[in-house]
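Here the structure comes first, spelled out in structure tokens, and everything after it is commentary.
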Amino acid sequence: MVLCFFYTLSKSTPRSAVAQLHRWIVLNTELHARLEELHFKPRQRALTTLQHETILRFLGEP
């Protein structure tokens, strides 16, 4: 969840930060497909190391 705050500049609630990150994942079809391969679930609260690295690779450093 901390990753969500970095991408939203820490100006949002935890719920809205998670929602925004989820929207970016859904809109990026390549990222979404890769995360599905890594068994990412939409309501997942903790990321595996590979999932975290994949998000950084596609979205860049926050």
Side-chain angles (χ1 to χ4, degrees):
M1 187 168 336
V2 173
L3 184 64
C4 301
F5 283 112
F6 287 125
Y7 280 111
T8 59
L9 303 173
S10 303
K11 295 182 180 182
S12 58
T13 65
R15 185 176 183 161
S16 64
V18 169
Q20 181 62 47
L21 183 59
H22 178 71
R23 278 191 293 275
W24 289 335
I25 290 170
V26 170
L27 289 172
N28 189 323
T29 54
E30 289 181 59
L31 171 58
H32 190 257
R34 179 64 182 130
L35 286 173
E36 282 184 340
E37 292 171 6
L38 297 172
H39 306 288
F40 177 78
K41 303 295 180 209
R43 301 207 187 276
Q44 185 174 326
R45 293 292 179 214
L47 300 172
T48 66
T49 303
L50 284 175
Q51 291 168 346
H52 180 261
E53 290 171 355
T54 300
I55 291 171
L56 291 179
R57 189 173 326 114
F58 279 88
L59 299 181
E61 289 287 331

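Along the sequence shown, residues carry numbers from 1. Predicted model, so just to flag it, every value in this text is computed and none were measured.
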Notebook entry, point to check: Under the side chain to side chain contact (heavy atoms under 4.5 Å, CB included) criterion, do Leu47 and Phe40 qualify, and how do the steps go?
Noted result: CA-CA 8 Å; Leu47 300 172; Phe40 177 78; 3.6 Å; yes

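With hydrogens and angles disregarded, a donor-acceptor distance shorter than 3.5 Å links the side chain of Gln51 to the backbone of Leu38.
Within the structure, no pair that satisfies the salt bridge (Lys or Arg N to Asp or Glu O under 4.0 Å) test touches residues 47-59, not counting sequence neighbours. Among pairs with a residue in residues 16-39, those fulfilling salt bridge (Lys or Arg N to Asp or Glu O under 4.0 Å) read Arg34-Glu37, at least two apart in sequence or across chains.
Taking the side chain as every heavy atom from C-beta outward, Arg45 and Val18 approach each other to under 4.5 Å.
No option in Leu59, Leu35, Ile25, Thr48 other than Leu35 meets the side chain to side chain contact (heavy atoms under 4.5 Å, CB included) test with Thr54.
Between Leu56 and Glu61, the shortest heavy-atom contact is CD1-OE2, 3.9 Å. Taking every heavy atom of both residues into account, Leu31 and Ile55 meet most closely at CD1-CA, 4.1 Å.
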